[in-house]
**Student:** 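This is the structure I have questions about; it appears just below.
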Amino acid sequence: MPLALSTGHEIGLGVTGLIFILFALASSFLFPRFRPDYPGHGLLAFIVVAFVFFFGMLTAVEVFGAETKHNAEGAPAETTTAQQTTTRPTVGQTSAQSTTTTPAKPAATKVPVSETEFKIVAGSTDLKAGEITFEVKNDGKLPHDLAIKETGDKTKLIPVGGTAELKVTLKAGKYELYCTVPGHEAAGMKLNITVS
């Protein structure tokens, strides 16, 4: 799969490349066979056409091969857990002793996520604020990844049948999960979640 581009982009690059290759082959082998002095007096026209095809191919690569830009709407969410300190005086002693206790850190919420063409399915879309681990499995036929639009966090590109984890700490709010592979989000690979 060339660069995991969407089907439309692959077709656009393929057609443009095919036209460029056909012109090059025809100019090298076919045209000289029928016109031995090719390009002869039409040298200037040949050069112009060659440059048009060359820059057309560069433009096609720029247009069809470009990744879409996803601007994060905010900085990555960061939360801190406050430690609780309590002092308990002991009875019958002349000096006071203090005991420091810290509440146990809540276990991270684990959310299974399945990605296919072109859909994201999560085990739950209503989550509790705090540390969340998205356990992502690529059940599709193309490479995918998982990103959170509001924080900019994302997994590596996950090969077909592969898995990845995305560990984040989220505050209460609404978030959008999506695939950053060009064309996948537009094709429907996005999912809204609510953190409370």
**Student:** Hydrogens and angles aside, do D126 and S124 bring a side-chain donor and acceptor to less than 3.5 Å of each other?
**Tutor:** no

**Student:** Quick one: pull up CD1 in I21 and OG1 in T16 and give me the separation to the nearest 0.5 Å.
**Tutor:**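 Here the interatomic distance stands at 11.0 Å.
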
**Student:** Can you tell me how far the CG atom of N192 sits from the NZ atom of K190, to the nearest 0.5 Å?
**Tutor:** 8.0 Å

**Student:** Quick check on the hydrophobic clustering: are L44 and V49 connected, directly or via other members, by side-chain heavy-atom contacts under 4.5 Å?
**Tutor:**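 No; tracing contacts between hydrophobic side chains, which count when under 4.5 Å, never links both residues.
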
**Student:** Quick check: do L191 and Y178 have side-chain heavy atoms less than 4.5 Å from each other?
**Tutor:**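 Sidechains of Y178 and L191: no contact.
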
**Student:** Treating T116 as the side-chain partner and F118 as the backbone partner, does any N or O pair qualify as donor plus acceptor under 3.5 Å?
**Tutor:** no

**Student:** Evaluate L127 against L170 for side chain to side chain contact (heavy atoms under 4.5 Å, CB included), listing each step before the verdict.
**Tutor:** CA-CA 9 Å; L127 308 171; L170 299 178; 5.5 Å; no

**Student:** Is the shortest side-chain heavy-atom distance between F134 and L177 below 4.5 Å?
**Tutor:** yes

**Student:** Quick test of your reading of the model: are K149 and E185 salt-bridged, counting only N-O distances below 4.0 Å?
**Tutor:**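 Looking at K149 and E185, the cut-off is met.
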
**Student:** If you compare all heavy atoms of P143 against all heavy atoms of V160, which two are closest, and at what distance to 0.1 Å?
**Tutor:**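 In this case the closest contact between P143 and V160 is N-CG2, 4.3 Å.
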
**Student:** Spell out, as yes or no, whether a donor-acceptor pair under 3.5 Å connects the side chain of T169 to the backbone of G130.
**Tutor:** no

**Student:** Is the shortest side-chain heavy-atom distance between E115 and V136 below 4.5 Å?
**Tutor:**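 E115 vs V136: side chains touch.
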
**Student:** Parallel under 30°, tilted from 30 to 60°, perpendicular over 60°: which one fits the rings of F51 and F55?
**Tutor:**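 Geometry flag for F55 against F51: parallel rings.
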
**Student:** Just by modelled atom types, is the I158 backbone N or O under 3.5 Å from a matching donor or acceptor in the N138 side chain?
**Tutor:** yes

**Student:** With side chains defined as the heavy atoms from C-beta onward, is the minimum distance between E150 and E176 less than 4.5 Å?
**Tutor:** yes

**Student:** Starting from L58, can I reach V15 by hopping between I/L/V/M/F/W/Y residues whose side chains sit under 4.5 Å apart?
**Tutor:** yes

**Student:** Please tell me whether H184 and E117 have a donor and an acceptor in their side chains that are separated by less than 3.5 angstrom.
**Tutor:**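 No, E117 and H184 have no side-chain donor paired with an acceptor closer than 3.5 Å.
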
**Student:** Rounded to the nearest 0.5 Å, how far does CG of L25 lie from CG of L30?
**Tutor:** 9.5 Å

**Student:** Using salt bridge (Lys or Arg N to Asp or Glu O under 4.0 Å) as the criterion, list what pairs up with K156, not counting sequence neighbours.
**Tutor:** none

**Student:** What about F54 and V48, same hydrophobic cluster or not, with Ile/Leu/Val/Met/Phe/Trp/Tyr joined at side-chain heavy-atom distances under 4.5 Å?
**Tutor:** no

**Student:** Within this structure, what is the CD1-OG1 distance for the pair I120 and T125, rounded to the nearest 0.5 Å?
**Tutor:** 12.5 Å

**Student:** Considering only heavy atoms from C-beta outward, does the side chain of I193 approach that of I148 to under 4.5 Å?
**Tutor:**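 I193 does not reach I148 side chain to side chain.
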
**Student:** Evaluate K119 against M189 for side chain to side chain contact (heavy atoms under 4.5 Å, CB included), listing each step before the verdict.
**Tutor:** CA-CA 5 Å; K119 186 165 79 170; M189 286 196 74; 5.7 Å; no

**Student:** Between V121 and Y175, is there shared hydrophobic-cluster membership here, with clusters defined by ILVMFWY side-chain heavy atoms closer than 4.5 Å?
**Tutor:**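 No, separate clusters.
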
**Student:** If you count the non-hydrogen atoms of other residues, nucleotides and ligands that lie under 6.0 Å from NZ in K137, is the total more than 12?
**Tutor:** yes

**Student:** Any chance you could measure K110, atom NZ, to T133, atom OG1, to the nearest 0.5 Å?
**Tutor:**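 Interatomic distance, K110 NZ to T133 OG1, rounded to 0.5 Å: 6.0 Å.
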
**Student:** Checking ring-ring contact (aromatic ring centres under 6.0 Å, His included) against F46, which of F53, F31, Y38 comes through?
**Tutor:** Y38

**Student:** Heavy atoms only: give me the nearest A129-A172 pair and the separation to one decimal.
**Tutor:**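 Result for this residue pair: CB-N, 3.9 Å.
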
**Student:** Between the side chains of S114 and D139, is a donor N or O closer than 3.5 angstrom to an acceptor N or O?
**Tutor:**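 Side chains of S114 and D139: pair found under 3.5 Å.
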
**Student:** Can you measure from NZ (K154) to SG (C179) and round to the nearest 0.5 angstrom?
**Tutor:** 8.5 Å

**Student:** Begin with the C-alpha distance, continue with both residues' side-chain angles, and end with the deciding distance and a verdict on side-chain hydrogen bond (donor to acceptor under 3.5 Å, both in side chains) for T180 and D145.
**Tutor:** CA-CA 6 Å; T180 66; D145 64 9; 2.3 Å; yes

